[in-house]
K.L.:
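My questions will all concern the structure given below.
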Amino acid sequence: MSRHPKFSFSRLVGIIVKEFTQMRRDRLTFAMMLGIPLLQLTLFGYAINSDPRHLPAAILQADRGPQGRTLLYAFKNSTYFDFTREVKTEQEGHDLLAQGRVQFVVNIPENFSRDLLRGDRPQLLVEADATDPAATGFALGALGTLMNGALKNDLKGPLDYLNQTDSPIDLRVHSLYNPEINTQYNIVPGLMGVILTMTMIMITGLAITRERERGTMENLLSMPTRPSEVLIGKIVPYILVGYIQVAVILIAAYFLFHVPIHGSIPLLLVVALIFIAANLAMGITFSTVAKNQLQAMQMTFFVFLPSILLSGFMFPFRGMPVWAQTIGEVFPLTHFLRIVRGILLKGNGLYDVSRELWPIALFAAIMLTVGVKRYRQTLD
Amino acid sequence: MNGELAIDVRGMTKRFGDRTVVNDIALQVRTGEIYGFLGPNGSGKTTFIRMLCGLLRADAGSGTCLGHDVITESEIIKRQVGYMTQRFSFWEDLSIAENLDFVARMYDVKNRREAVQRSLEQLGLAGRQKQLAGELSGGWKQRLALAACLIHQPKLLLLDEPTAGVDPKARRDFWEQIHILAGEGLTFLIHHALHG
Ligand SMILES: Nc1ncnc2c1ncn2[C@@H]1O[C@H](COP(=O)(O)OP(=O)(O)OP(=O)(O)O)[C@@H](O)[C@H]1O
Ligand SMILES: [Mg+2]
């Protein structure tokens with residue numbers, strides 16, 4: 001309706017300076033932003049277990065004999081493994097694991113059936129992505145019994161003696177990325193996402209409602225500012241706060257919990273920037289909708305709870321029902337968790353993380369657009 | 001511009017729910033005039049002023065403010081009007097200088113630093129520029145608010161009960177200021193509650 005002045009960079013800077021100064025003076029909030037990560041890091045020392053099934057797996061079947069097929073069939077029947085991919089080389093399998101497309105690669109080598117019948121104890125190699133031990137633990141635990149049961153029917157009559165030996169197959173399990181099956185390796189990088197989600201949404205959630213409640217909104221609106229200037233100006237200073245939290249968590253992860261850092265820290269910082277921006281944008285949008293600070297807080301928790309429950313932080317993502325996974329895919333936290341674990345534990349590069357990155361960026365863009373549209377330029 | 005109308009509105013109406021707070025008000029103020037607007041508490045003075053500067057959407061009415069349409073061109077009007085709110089509405093956790101600097105940036109004031117310095121000196125706030133706005137007494141807050149409204153050199157000042165709760169000496173100083181400014185060609189619309 002009313003003609004807007006053009007977006008002004010110097011006005012944006014003005015708002016950033018103002019917000020930054022106010023943030024600096026608000027010692028209590030600032031201390032909380034540092035205190036929350038430290039508190040949560042100490043609290044989350046233990047893991048939550050569950051028994052996820054239907055985990056995506058890839059099969060590398062080089063054996064042509066019947067026993068190899070029997071075994072594959074038994075794997076499928078256990079309901080722990082869904083063979084979604086067939087690969088021709090070990091490298092292909094490794095790539096799928098690194099990108100998180102599969103949880104396991106089952107490798108049945110050439111001449112498996114022949115060697116089995118000769119009593120040569122052929123190798124069966126199972127490689128698992130163990131970044132989240134809770135997700136793989138049960139499936140791996142079931143492997144031994146599963147195999148022996150499967151081959152009982154094939155190893156009969158004269159071959160029965162093979163069943164008597166401790167195991168006719170030499171099962172090799174490689175837990176990749178987290179060989180000691182350490183749950184803290186999984187939880188601590190995950191905490192980075194959880195803490196950022198909580199604090200970033202909350203801090204900007206209060207941004208506009210605070211101006212309303214203090215009566216300063218009337219003044220702000222009487223000046224020729226554009227919604228986008230106000231909203232972006234209120235987001236930018238808190239990116240710094242987000243980065244301080246990332247630094248605190250990374251330092252604690254490395255020195256206190258000895259989480260390995262295999263990937264590139266600069267890449268992690270770039271991803272974190274987009275993730276922080278997405279959460280700040282969500283908060284500021286809540287702030288434009290909420291009538292007062294209490295409502296803004298309630299909205300924060302309304303999003304925060306499903307985020308941590310459905311993102312794969314609390315429960316292994318692949319153990320959840322499909323509807324829950326679908327909802328989970330919407331939250332930036334879900335994608336960020338995969339990226340952080342990927343970068344820290346697997347050494348993922350930009351290519352590997354890109355397919356988790358765009359949903360976060362899209363989310364940020366949509367949120368900011370909604371916020372700008374919702375921002376009322378009058379006091380009505 | 002002298003002799004022209006700075007404010008020329010008619011039929012201005014505002015309803016909150018089913019309560020009509022401002023009903024069919026017409027007002028003409030000539031450029032360079034100091035116009036007083038009196039009314040008892042709750043009569044809709046603040047609501048009327050907010051409609052003039054685009055902070056509230058009028059339910060009915062039309063007209064111009066500084067030659068621009070009050071309904072459709074409020075973004076242009078905002079740039080040329082100074083509005084001093086009834087309740088102190090600057091940032092209490094920013095210092096006097098920081099508040100003025102922020103306002104100057106929002107209006108894209110040229111030579112911002114000098115403008116802030118000048119306004120601090122004019123209003124006798126130079127010695128206190130580092131003080132937080134929240135720590136000021138009522139009289140000083142009012143001086144700050146006036147200084148902030150003037151920093152972008154508006155053509156029209158809308159003052160909503162500017163001297164409420166201020167001691168007689170400060171009040172006299174304030175009116176002296178207003179008269180000096182009016183002599184420089186500014187238009188004033190000043191709202192005040194009726195007493196007694
Ligand atoms: N945003 C709003 N929503 C609902 N009612 C409102 C709103 N703003 C003002 N009112 C009502 O409109 C009436 C007029 O309010 P307004 O503030 O314009 O009066 P006023 O003349 O400025 O009074 P005062 O002298 O006390 O400042 C009041 O009864 C008030 O309760
Ligand atoms: Mg009033």
Side-chain angles (χ1 to χ4, degrees), chain A residues 1-30 203 206-234 236-237 291 372 375-380, chain B residues 14-17 46-47 49-59 68-95 97-99 101-110 112 132-134 145 148-149 151-152 154 158 160:
Chain A
M1 228 195 12
S2 46
R3 260 186 284 154
H4 285 295
K6 275 213 219 70
F7 183 89
S8 148
F9 192 72
S10 66
R11 268 204 301 272
L12 175 65
V13 171
I15 293 171
I16 293 174
V17 169
K18 160 185 169 289
E19 292 296 324
F20 194 80
T21 314
Q22 290 185 294
M23 179 177 86
R24 208 159 41 87
R25 302 242 159 89
D26 189 0
R27 291 267 162 79
L28 185 68
T29 310
F30 204 72
I203 207 162
L206 302 177
I208 306 281
T209 45
R210 194 192 293 126
E211 301 266 8
R212 279 187 194 283
E213 277 175 32
R214 292 188 183 167
T216 50
M217 198 67 191
E218 182 168 12
N219 206 332
L220 194 61
L221 289 177
S222 74
M223 297 190 268
T225 49
R226 286 189 60 129
S228 51
E229 292 160 2
V230 175
L231 298 192
I232 297 173
K234 279 176 173 292
V236 170
K291 289 227 160 27
V372 169
Y375 180 80
R376 282 161 295 173
Q377 275 198 302
T378 61
L379 292 166
D380 293 82
Chain B
K14 181 72 192 175
R15 282 182 282 271
F16 292 113
T46 300
T47 306
I49 249 186
R50 285 175 175 169
M51 284 194 289
L52 280 185
C53 56
L55 285 177
L56 285 175
R57 252 188 283 274
D59 291 309
H68 299 287
D69 191 307
V70 280
I71 307 296
T72 59
E73 298 184 311
S74 57
E75 293 304 321
I76 302 171
I77 295 171
K78 278 180 188 176
R79 271 176 273 175
Q80 302 172 9
V81 168
Y83 169 38
M84 186 169 156
T85 55
Q86 179 172 4
R87 186 182 145 197
F88 182 73
S89 63
F90 286 87
W91 289 268
E92 304 210 331
D93 47 357
L94 294 183
S95 72
E98 285 162 353
N99 268 300
D101 189 71
F102 175 67
V103 175
R105 278 191 203 256
M106 291 307 103
Y107 286 101
D108 277 324
V109 172
K110 296 203 173 46
R112 200 182 75 242
L132 291 186
C149 287
I151 205 157
H152 61 293
L158 306 173
D160 194 357

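Here is the naming used below: chain letters follow the sequence lines, and residue numbers restart at 1 for every chain. The structure presented is a predicted model; accordingly, all values stated were derived computationally and were not measured.
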K.L.:
Could you tell me which residues satisfy side-chain contact (heavy atoms from CB on, under 4.5 Å) with A:T216, sequence neighbours excluded, listed by chain and number?
P.N.:
A:E211, A:R214, B:W91
K.L.:
Looking only at non-hydrogen atoms, find the nearest pair between A:G215 and B:S89 and report the distance.
P.N.:
O-CB, 3.2 Å
K.L.:
Which atoms of A:S10 come close to chain B, meaning under 4.5 Å heavy atom to heavy atom: side chain ones, backbone ones, both, or neither?
P.N.:
both
K.L.:
Knowing that exactly one of B:V103, B:D93, B:L94 qualifies, which makes a side-chain contact (heavy atoms from CB on, under 4.5 Å) with A:K18?
P.N.:
B:L94
K.L.:
Drop me the distance from B:R105's CZ to A:E229's CD, to the nearest 0.5 angstrom.
P.N.:
13.0 Å
K.L.:
Heavy-atom cut-off 4.5 Å, strictly under: side chain, backbone, both or neither for B:F102 against chain A?
P.N.:
side chain
K.L.:
Could you tell me the separation between the CE atom of B:M84 and the OG atom of A:S222, rounded to the nearest 0.5 Å?
P.N.:
12.5 Å
K.L.:
Counting heavy-atom pairs under 4.5 Å to chain A, which of B:E92, B:H152, B:M106, B:E98 comes out on top?
P.N.:
B:M106
K.L.:
Tell me, yes or no, whether the heavy-atom count around A:F20 atom CZ, taken from other residues, nucleotides or ligands under 6.0 Å, exceeds 12.
P.N.:
no
K.L.:
Select one option (side chain, backbone, both, neither) describing which atoms of A:L220 are under 4.5 Å from chain B's heavy atoms.
P.N.:
both
K.L.:
What part of B:R112 lies closer than 4.5 angstrom to a heavy atom of chain A: side chain, backbone, both or neither?
P.N.:
neither
K.L.:
Which atoms of B:L132 come close to chain A, meaning under 4.5 Å heavy atom to heavy atom: side chain ones, backbone ones, both, or neither?
P.N.:
side chain
K.L.:
So, A:N219 and B:T85: side-chain donor and acceptor under 3.5 Å apart, yes or no?
P.N.:
no
K.L.:
Using side-chain contact (heavy atoms from CB on, under 4.5 Å) as the criterion, list what pairs up with B:R15, not counting sequence neighbours.
P.N.:
B:T13, B:T20, B:D59
